[in-house]
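Heads up: the structure comes next, in structure tokens.
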Amino acid sequence: MSFLKISHIAIAVEDLETAKKAFETLVGSKVQAVEEVPDQKVKVGMIPIGESRLELAGPTDSASTIAKFIEKHGEGIHHICFEVSDIKAELARLKGAGFQLIDEAPRLGADGHLIAFLHPRTTGGVLVELSEKQD
Ligand code: ZN
């Protein structure tokens, strides 16, 4: 229905180059283009795996949310992203069901998709991202 698939699993890494080599060896395929997201002070490398991807996210600055995450938790899984068919409808449904939204309205994500995050407090400690593809 409207949750279509796991879009990606994001892993917070201290050094993108080091992690890139390790995960390329682990899964046997290459990181696609590395993208820098300046407003989040993060560099992201995506490795496609079937219908999903691994997102390696490394900080470009100590003020980055990824740097703060690593400071607090160490490297590890940062968030899980689900692709949905109608992000606005899902946000309204989830808010109504008592989930705490970080983004009340969708915003533009790294790859031109509309994205929004849910607070880990109401999702078993896991930061959840929703993503809707734009035509
Ligand atoms: Zn993501």
Side-chain angles (χ1 to χ4, degrees):
M1 276 259 308
S2 46
F3 267 60
L4 305 174
K5 65 175 187 185
I6 292 178
S7 162
H8 58 270
I9 294 174
I11 300 170
V13 300
E14 273 172 30
D15 180 69
L16 188 58
E17 282 311 306
T18 307
K20 199 177 135 183
K21 282 189 195 117
F23 279 93
E24 283 178 341
T25 304
L26 178 75
V27 303
S29 56
K30 295 274 181 199
V31 164
Q32 290 179 325
V34 171
E35 191 175 346
E36 199 167 334
V37 189
D39 64 325
Q40 288 170 44
K41 299 182 176 65
V42 70
K43 238 187 197 173
V44 168
M46 291 282 194
I47 307 181
I49 301 173
E51 287 236 297
S52 302
R53 292 169 301 174
L54 271 186
E55 175 185 302
L56 303 174
T60 56
D61 186 282
S62 58
S64 159
T65 54
I66 293 291
K68 286 177 190 153
F69 176 90
I70 292 171
E71 213 171 277
K72 215 169 158 187
H73 307 282
E75 292 184 304
I77 291 181
H78 183 259
H79 64 270
I80 295 179
C81 178
F82 297 98
E83 188 178 317
V84 299
S85 55
D86 184 343
I87 194 167
K88 281 184 186 160
E90 288 304 329
L91 287 174
R93 182 180 70 83
L94 294 169
K95 190 177 182 180
F99 288 93
Q100 191 179 333
L101 310 182
I102 293 174
D103 300 297
E104 293 280 335
R107 57 190 164 92
L108 207 55
D111 43 9
H113 295 188
L114 287 177
I115 62 158
F117 283 92
L118 272 65
H119 200 284
R121 197 172 295 138
T122 49
T123 51
V126 178
L127 179 62
V128 170
E129 179 183 9
L130 304 183
S131 167
E132 180 189 328
K133 259 189 193 162
Q134 299 299 288
D135 302 320

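One-based numbering, in listed order, for ligands and for the atoms of each.
The two atoms that bring Leu127 and Leu118 nearest to each other are CD1-O, 3.4 Å, heavy atoms only.
Atom OE1 is the N, O or S atom of Glu129 at the shortest distance from the Zn ion (ligand 1).
Classification of the Phe69-His78 ring pair by plane angle, with boundaries at 30° and 60°, yields perpendicular.
Side-chain contact check for Gln40 and Thr65: no donor-acceptor pair (N or O, by modelled atom type) lies under 3.5 Å.
Taking 2.8 Å as the threshold, His79 counts as a candidate ligand of the Zn ion (ligand 1), since one of its N, O or S atoms lies below it. Among the atoms of His8, an N, O or S atom is found under 2.8 Å from the Zn ion (ligand 1).
Partner Leu91 forms a side-chain contact (heavy atoms from CB on, under 4.5 Å) with one of Leu101, Val84, Asp86 and no other, that one being Leu101.
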